[in-house]
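Here the structure is a predicted model, which means the values were calculated and not measured. First the proteins, then the strands, lettered A, B, ... as listed; each starts at 1.
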Number of protein chains: 2
Amino acid sequence: MPRIPHPNFHCAAGCTVEATLTLIGGKWKGVILYRLLTEQVLRFNELRRLLPNITQRMLTHQLRELEGDGLIARKVYPEVPPKVEYRLTDYGQTLAPVIHALKAWGDAHVDRHTAAVPSATVVPRIQP
Amino acid sequence: MPRIPHPNFHCAAGCTVEATLTLIGGKWKGVILYRLLTEQVLRFNELRRLLPNITQRMLTHQLRELEGDGLIARKVYPEVPPKVEYRLTDYGQTLAPVIHALKAWGDAHVDRHTAAVPSATVVPRIQP
DNA sequence: CTGCATCCTATAAGATACTG
DNA sequence: CAGTATCTTATAGGATGCAG
């Protein structure tokens with residue numbers, strides 16, 4: 001069940017832009033891919049900790065889609081308690097330039113939209 | 001109403017990837033931006049022709065969001081019949097590397113997902 | 001620990017008709 | 001030509017509980 005839009009409609013110029021976005025455009029896929037890109041290999045709960053607001057259900061779901069698209073690999077260790085590792089496939093690795101482009105632009109420009117969250121500054125703390 | 005996710009939650013590493021995706025991740029925004037990137041300036045109905053499957057409502061909606069995010073500019077000519085031109089803003093132009101990265105990856109890899117739609121080959125025709 | 005099943009809500013997207 | 005308005009459907013996303 002590939003989710004690439006309407007492949008038989010003679011993918012017009014620019015359509016491949018959307019195709020790529022369809023693959024990585026889920027609410028969490030970008031971060032997941034980015035984390036796997038930098039950390040190489042991560043277990044389920046490690047990913048969960050790195051994505052503080054994601055629900056278990058969504059993490060599983062997004063991982064399964066990425067796996068189904070061949071971008072990540074899932075390795076199950078038949079132990080108890082269970083242990084599952086996720087990493088990028090070679091194919092997934094080819095997304096590196098895309099992810100980095102997205103991150104670079106975001107780093108440079110999101111402050112325009114978030115009304116200045118000064119990343120190089122001390123995080124404002126709530127005083128106890 | 002910026003749609004960047006949870007800016008006050010101390011945007012963790014990789015979060016900006018999602019932020020960028022939120023801006024350009026609509027079903028049609030990628031193509032719209034790509035078209036404006038290559039054609040410079042386009043009228044409403046020109047965009048509509050370039051995006052054969054988009055509805056009028058969605059085109060308007062996506063254009064308004066892109067405009068609200070400062071990525072494109074809308075120029076209305078007070079004529080009759082009406083004439084409206086869309087183009088990228090300088091800010092929108094900064095997305096060029098991102099869009100090109102998305103397109104390059106898509107061009108190189110979507111055939112994996114669309115089960116070979118040979119773009120350099122003659123389109124298979126239904127015989128009349 | 002990892003994950004599936006169920007139920008539910010919010011948002012995106014589409015169809016269609018009408019207008020300055 | 002370039003929209004708006006209304007209604008409907010589809011999909012994404014979330015909360016919670018159970019299980020190997």
Side-chain angles (χ1 to χ4, degrees), chain A residues 1-6 9 15 18-19 21-33 35-36 41-69 72-87, chain B residues 1-6 9 15 18-19 21-32 35-36 39 41-69 72-87:
Chain A
M1 27 128 164
R3 286 157 298 95
I4 296 290
H6 331 294
F9 253 110
C15 159
E18 283 310 322
L21 282 173
T22 303
L23 283 184
I24 68 176
K27 184 173 176 183
W28 305 98
K29 289 185 182 173
V31 214
I32 293 172
L33 292 169
R35 284 344 273 245
L36 289 175
V41 48
L42 288 168
R43 296 182 56 179
F44 187 84
N45 269 4
E46 290 177 323
L47 276 164
R48 208 149 72 117
R49 275 187 285 276
L50 290 172
L51 282 49
N53 296 323
I54 200 173
T55 63
Q56 227 171 20
R57 182 192 179 284
M58 281 314 293
L59 181 53
T60 304
H61 185 68
Q62 305 283 287
L63 288 171
R64 289 297 132 83
E65 282 198 350
L66 290 168
E67 189 191 3
D69 289 328
I72 68 175
R74 178 169 176 268
K75 184 171 184 180
V76 182
Y77 293 84
E79 308 172 355
V80 50
K83 173 179 172 183
V84 180
E85 286 179 349
Y86 293 92
R87 76 194 66 213
Chain B
M1 26 131 162
R3 285 156 300 95
I4 297 290
H6 331 294
F9 253 110
C15 159
E18 283 310 323
L21 282 173
T22 303
L23 283 183
I24 68 176
K27 183 172 178 184
W28 304 98
K29 288 186 185 175
V31 213
I32 293 172
R35 284 345 274 245
L36 288 175
E39 317 268 338
V41 47
L42 288 168
R43 296 181 58 176
F44 186 85
N45 268 4
E46 289 177 325
L47 277 165
R48 207 147 74 116
R49 274 187 285 277
L50 290 172
L51 282 49
N53 296 324
I54 199 172
T55 62
Q56 224 170 20
R57 181 189 179 284
M58 282 313 295
L59 181 53
T60 304
H61 186 68
Q62 305 282 288
L63 288 171
R64 289 297 132 82
E65 282 197 352
L66 290 169
E67 189 190 5
D69 288 327
I72 68 174
R74 179 167 174 269
K75 184 170 183 180
V76 183
Y77 293 83
E79 309 172 355
V80 49
K83 173 180 173 182
V84 180
E85 286 180 349
Y86 294 91
R87 75 193 67 210

Return a table of donor-acceptor pairs under 3.5 angstrom between the side chains of residues 76-86 of chain B and protein atoms on other chains or two or more places apart.
unit_1 : atom_1 : unit_2 : atom_2 : d
B:Y77  : OH     : B:E85  : OE1    : 3.0
B:E85  : OE1    : B:R87  : NH2    : 2.8
B:Y86  : OH     : B:R74  : NE     : 3.3

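- Ionic pairing of A:E46 and A:R49 is not present here: no N-O contact between side-chain nitrogen and carboxylate oxygen is shorter than 4.0 angstrom.
- In this structure, NZ of B:K75 is placed 15 Å from P of D:dA2, rounded to the nearest angstrom.
- An OP1 or OP2 oxygen of C:dG3 is reached within less than 4.0 angstrom by a side-chain nitrogen or oxygen of A:R64.
- Atom NE2 in A:H61 sits about 12 Å away from atom P in D:dT11, given to the nearest Å.
- Put simply, A:R48 has no side-chain N or O that comes within less than 4.0 Å of OP1 or OP2 on C:dC1.
- Counting only heavy atoms from C-beta on, B:V84 has its side chain closest to D:dA2 among C:dA13, C:dT2, D:dA2.
- Pairing each heavy atom of B:R35 with each of B:L47, the nearest pair is CB-CD2, 4.5 Å.
- Contacts of B:Y77 with the nucleic acid, taken as non-hydrogen atoms under 4.0 Å apart, are absent.
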### Audit row: B:I32, B:L59, side-chain contact (heavy atoms from CB on, under 4.5 Å) steps and yes/no
CA-CA 9 Å; B:I32 293 172; B:L59 181 53; 4.0 Å; yes
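- Among the nucleotides D:dG3, D:dG14, C:dA13, the one closest to any side-chain atom of B:M58 is C:dA13.
- Shown here for A:D69 and A:L23, the closest heavy-atom pair between the two residues is OD2-CD2, 3.2 Å.
- Distance CG (A:L21) to C1' (D:dT11): 17 Å, rounded to an integer number of Å.
- Phosphate proximity of C:dT11 to A:K27: absent, as no side-chain N or O sits under 4.0 Å from OP1 or OP2.
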#### Entry: Heavy-atom protein contacts under 4.0 Å, nucleotides 15-20 of chain C, coded B base, S sugar-phosphate only, - none
B-B--B
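- In this structure, A:W28 and B:E18 approach most closely via the heavy-atom pair C-OE2, 3.5 Å.
- Going from atom CH2 of B:W28 over to atom C1' of C:dT11 covers 17 Å, rounded to whole Å.
- Scanning all heavy atoms of the two residues, the minimum distance from B:Q62 to B:K27 falls at OE1-N, 4.0 Å.
- Note on A:E46: nothing from the nucleic acid sits closer than 4.0 angstrom, heavy atoms only.
- Contact between the side-chain N/O atoms of B:Y86 and the OP1/OP2 oxygens of D:dC1 is not found at any separation under 4.0 Å.
- Whole-Å rounding puts the A:Q62 CD to D:dT11 P distance at 16 Å.
- Atom CD of A:E67 is separated from atom C1' of C:dG3 by 13 Å (rounded to the nearest Å).
- Residue A:L63 contributes atom CG, which lies 11 Å from atom C1' of C:dT2 at whole-angstrom precision.
- Rounded to whole Å, the distance from CD on B:E85 to C1' on D:dG3 is 16 Å.
- Relative to the side chain of B:R43, the nucleotides C:dC1, C:dG14, D:dA2 differ in distance, and D:dA2 lies closest.
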